[in-house]
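Inspection log for the structure reproduced underneath, given as structure tokens.
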Amino acid sequence: VSKSSGKNCYTFAKSPEQQLEIPKIVMINRLKRAIISNAFHLSYQPQIVVEAGRCQIFGAEALIRWTDEDGHTYMPDDFIALAEETGMINALGQWVINEACQAIREFMALGIAVPISINVSVTQFKSDDLVGTVKQAVKENRIDPQLLYMELTENIFVEDEKKTLTAIKALKELGIKIVLDDFGKGYSSLGLISQMPFDLIKVDKCFTQGIGLEKEKKLAAMIISIGEVLNLQTIVEGVETREQVDFHGQNGGRIYQGYYFSKPLEKTEFMDLCLGKWSLENMAGE
Ligand code: C2E
Ligand code: MG
Ligand code: MG
Ligand code: MG
């Protein structure tokens, strides 16, 4: 977990005792080098469909990690904001798109046809070459575009709603699916969201993890029913306990992603899971 401390430093908790303060300029240079030397990888967190008490794999979310020269692994919250701020997010985002498409090709070669979701940040979404990059990656890897899901957050609506809709439509014309991530956490209106051609919505963690109180329970249930009204599939994120799964299940939840089922996995672990070499009970992950 990291926090940006003050203006020009990044603070990393290497361990609870040891806080590491790194000047921003140093982080920028490290990130630059990491992009050149390709120090990133994607972890795959399984998404699980629960039906009549049985679990099946729905797909996975690809989550970026960066391992630096001394073996320290940075999580996205440590560097995505910096990448956005410096414009490096475009190079990074392109890498993610290509990497995910390659993974889908590898999965397809093994007979595994599960959707893989990637996260796209606002800056990347607004850049001119996003559609071109996706088109190229899909073509080069000869993958079924329907297996590529793109997760967007409500922030994409901050500026020009019309332009955003046009961009989403252009992406959908490529055949990929569009997901609204962190639903309920942002501030865009329900009216606006209902007009957007999303294929799926992901209920934000805060509605899962806050179901301790009566009010929160009702809110969490409402969020899922909004998905139903919009006729969209819903993924409930951040389920950590059996109680949370049961609660959402009673309120129409069907697809889940969270530590209760599995932490993000290495690509080969996720493959093995899909191939039935593992079962959900003995998955470990990060
Ligand atoms: P997100 O897209 O909402 O992804 C879900 C985050 O919740 C992931 O954190 C995942 O590891 C974490 N998570 C999943 N299940 C649980 C759970 O049961 N409990 C808890 N406490 N957490 C859970 P991660 O990997 O650290 O990623 C954080 C955020 O960074 C992501 O949130 C996403 O917004 C962003 N991100 C990740 N990969 C990329 C990427 O390739 N590109 C961009 N632009 N952003 C990315
Ligand atoms: Mg996401
Ligand atoms: Mg999310
Ligand atoms: Mg994580």
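Model, not experiment: these values are computed from the prediction. First listed ligand is number 1; within each ligand, the first listed atom is number 1. Below, all heavy atoms of this structure are taken into account, side chains as well, without hydrogens, waters or symmetry copies.
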**Q.** Residues, nucleotides or ligands: over 12 heavy atoms within 6.0 Å of Lys267 NZ
**A.** yes

Q) If you count the non-hydrogen atoms of other residues, nucleotides and ligands that lie under 6.0 Å from CG in Asn231, is the total more than 12? A) no

Q: Look at ligand 1 and say whether Arg65 reaches it with a heavy atom at a distance under 4.0 Å.
A: yes

Donor-acceptor contact below 3.5 Å, side chain [X] vs main chain [Y]:
| X | Y | result |
| --- | --- | --- |
| Tyr256 | Gly249 | yes |
| Asp68 | His72 | yes |
| Thr164 | Ile156 | yes |
| Glu240 | Gln209 | no |
| Lys205 | Asp182 | no |
| Asp78 | Met75 | yes |

Would [X] count as being in polar contact with ligand 1, using the rule that some N or O on each side must be under 3.5 angstrom apart?
| X | value |
| --- | --- |
| Gln124 | no |
| Tyr260 | no |
| Gln257 | no |

Atom indices of ligand 1 within 4.0 angstrom of [X] heavy atoms, with elements:
| X | result |
| --- | --- |
| Gln209 | 19 (N), 20 (C), 21 (N) |
| Val96 | 41 (O) |
| Glu240 | 17 (C), 18 (O), 19 (N), 20 (C), 21 (N) |
| Ser121 | 44 (N) |
| Pro264 | 11 (O) |
| Asp181 | 1 (P), 2 (O), 3 (O) |
| Gln45 | 10 (C), 14 (C), 15 (N) |
| Val239 | 18 (O) |

Specify side chain, backbone, both or neither for [X], according to which of its non-hydrogen atoms lie closer than 4.0 Å to ligand 1.
| X | result |
| --- | --- |
| Thr153 | neither |
| Ile118 | neither |
| Lys202 | neither |
| Asp182 | side chain |
| Glu61 | side chain |
| Asn119 | both |
| Lys263 | neither |

Q) Going through the checks in order, is the salt bridge (charged side-chain N to carboxylate O under 4.0 Å, His left out) test met by Glu154 and Lys185? A) CA-CA 8 Å; Glu154 290 171 50; Lys185 193 177 158 199; over 6 Å; no

Q. Given the rule in the side chain to side chain donor-acceptor pair (under 3.5 Å) test, do Asn119 and Glu61 qualify, once you have shown the distances and angles that lead to the verdict?
A. CA-CA 8 Å; Asn119 293 280; Glu61 177 172 15; 2.7 Å; yes

(Q) Before you tell me yes or no, could you show the steps for Phe207 and Phe183 under ring pair (Phe, Tyr, Trp, His ring centres under 6.0 Å), namely the whole-Å CA-CA distance, both residues' side-chain angles and the distance that decides it to 0.1 Å? (A) CA-CA 9 Å; Phe207 294 101; Phe183 178 56; 7.7 Å; no

Q: Indicate whether any N or O donor in one side chain lies under 3.5 Å from an N or O acceptor in the other, for Gln244 and Thr208.
A: no

Q. With a distance cut-off below 6.0 Å to the six-membered ring centre and an angular limit of 45° from the axis, does Lys263 pair with Tyr259 as a cation-pi contact?
A. yes

(Q) With side chain to side chain donor-acceptor pair (under 3.5 Å) as the test, pick out the partner of Asp199 among Lys177, Gln146, Gln233, Lys172. (A) Lys172

Q | Pick from Ala62, Pro76, Ser43, Gly238: the one approaching atom 37 (C) of ligand 1 most closely through a non-hydrogen atom | A | Pro76

Q) Relative to each other, are the rings of Phe270 and Phe107 parallel, tilted or perpendicular (30° and 60° limits)? A) perpendicular

Q) Which of parallel (below 30°), tilted (30 to 60°) and perpendicular (above 60°) describes Trp66 and Phe79? A) perpendicular

**Q.** Total protein N/O/S atoms whose distance from the Mg ion (ligand 2) is less than 2.8 Å
**A.** 4

